[in-house]
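Encoded as structure tokens, the structure appears first; notes follow it.
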Amino acid sequence: MIKLFSKQYFFPAVFCAFYFIVLLYPDPHQHLKGNQQQEEDNEGGIPLRDRIDLAMQQEFELTKDPATHTVPRERLLAAKTYLASLQHQHTTGKIAGAIPGINWQERGPSNCGGRTRAIMVDPNDATKKTVWVAGVAGGLWKTTDITQASPTWASANDFFTCLAITSICYSPSNTQVFYFGTGEGYFNADFQRGNGIWKSTDGGTTWNQLAATNANANFYYVNRLVVNTNGDVYAATNSGIFRSQDGGTNWIRVLGASAPGGAVTDNFSDVEVAADNQVWASTRTSGAIYKSATGNSGTWTLLNTGANGFPATGVATRIDIALAPSNANVCYAFAAHGGVNFYKTIDGGANWTLLTKPVDADPGIGNDITRTQYWYDMSIAVDLIILL
């Protein structure tokens with residue numbers, strides 16, 4: 001007995017006793033751990049396998065540059081150029097060809113698409129059947145007959161499927177000039193940083209990135225683009241309202257907290273040009289609408305004063321605006337503040353009227369037709385003819 005508890009046998013004996021205790025009496029908190037694991041697997045009623053935010057975080061960790069802790073999207077164009085050089089070497093016989101006897105066929109998926117933020121009827125098609133669309137999930141697409149029951153869509157460029165395209169427009173003074181902006185600036189779970197602004201001078205056949213917007217943090221998130229009758233380009237970004245008067249070669253910030261004349265924020269959701277060429281803009285944060293006769297810095301007037309029917313406070317997130325093409329004084333706006341409200345002015349923003357909200361046909365969603373998604377996936381437009 002004394003020998004059993006000597007140093008020679010003490011630790012093996014203790015170990016064996018502990019082993020049998022574990023077998024006979026499992027962890028009393030095991031059921032609690034199981035419940036906790038179940039909660040983790042079903043956080044907030046959403047199974048983890050359906051948590052797109054976690055998937056995006058994983059993708060970010062896998063693709064980030066360890067030196068900068070960012071995803072280097074500005075290097076996409078350089079990578080495409082390098083790939084093109086390799087393909088050229090292949091066609092000229094400077095590098096080995098593909099594996100003989102191997103052919104590839106696309107197998108899809110072909111029945112799903114990303115959220116569409118940009119759409120434009122081609123101004124060069126008199127029939128108005130040619131339409132361009134683009135998605136924040138990537139890609140610029142074109143159909144030549146939107147009236148078909150199942151239109152056929154062609155990709156404008158396979159590289160663009162890597163870009164989150166958010167806005168597209170053309171120049172009224174030269175309809176062969178198109179622009180599109182990139183970068184989804186509403187910071188939903190799957191948002192993507194952009195690669196600046198791209199331009200076409202041949203009606204969308206070929207596109208080139210505007211050098212001034214490449215790897216420029218001011219153009220990481222271009223929420224809206226518009227061109228006035230003079231050819232001036234305006235971009236509503238998360239860094240302010242920018243303008244180019246030389247076709248996109250140079251840009252200046254004309255509205256924002258960091259621009260001359262100032263504004264409540266640098267973060268803008270929308271910019272539009274009225275029938276009289278005045279420029280309107282609205283913010284993505286801080287709830288403000290501005291207007292300028294010239295678009296120059298220091299010439300912008302705040303339109304929602306709180307005393308003219310449109311609240312000056314309480315609109316914490318996005319405002320989008322829509323101007324009537326037939327009447328420069330008519331503007332509609334939706335404002336996101338704890339839900340969505342619609343406002344209208346018929347005197348150029350001097351006074352506003354709160355409108356009755358549309359009724360959604362789907363039951364059970366209350367009075368919010370956006371299903372609480374007003375802050376990022378809603379837009380507003382006015383038909384060519386409006387009755388006051």
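Remember, predicted model here, so these are calculated numbers, not experimental data.
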Go through the side-chain N and O atoms of [X] and [Y] and say whether any donor and acceptor fall under 3.5 Å apart.
| X | Y | result |
| --- | --- | --- |
| Asn223 | Ser269 | no |
| Thr130 | Asp125 | yes |
| Asp246 | Ser244 | yes |
| Asp232 | Asn230 | no |
| Ser282 | Asp270 | no |
| Asn195 | Thr182 | no |
| Thr265 | Thr283 | no |

Residues pairing under ring-ring contact (aromatic ring centres under 6.0 Å, His included) where one sits in residues 276-301, two or more places apart or in two chains, turn out to be none
Show me the pairs that pass ring-ring contact (aromatic ring centres under 6.0 Å, His included) and involve residues 247-270, at least two apart or across chains. Phe219-Trp251
Is it true that atom OH of Tyr221 has more than 12 heavy atoms of other residues, nucleotides or ligands lying nearer than 6.0 Å? yes
Smallest separation among heavy atoms of [X] and [Y], with atom names:
| X | Y | result |
| --- | --- | --- |
| Asn296 | Thr299 | O-OG1, 2.7 Å |
| Ile321 | Ala281 | CD1-N, 4.0 Å |
| Tyr234 | Gly295 | OH-CA, 3.5 Å |

Looking at side-chain heavy atoms only, is the closest gap between Pro151 and Trp141 below 4.5 Å? no
Do the side chains of Phe342 and Pro358 get nearer than 4.5 Å, heavy atoms only? yes
Roughly how far, to the nearest 0.5 Å, is CG of Asn228 from OG1 of Thr294? 10.5 Å
Considering residues at least two apart in sequence or located in another chain, which fulfil the side chain to side chain contact (heavy atoms under 4.5 Å, CB included) criterion with Phe160? Leu140, Ala156, Asn157, Leu163, Ile165, Phe180, Trp198, Trp207
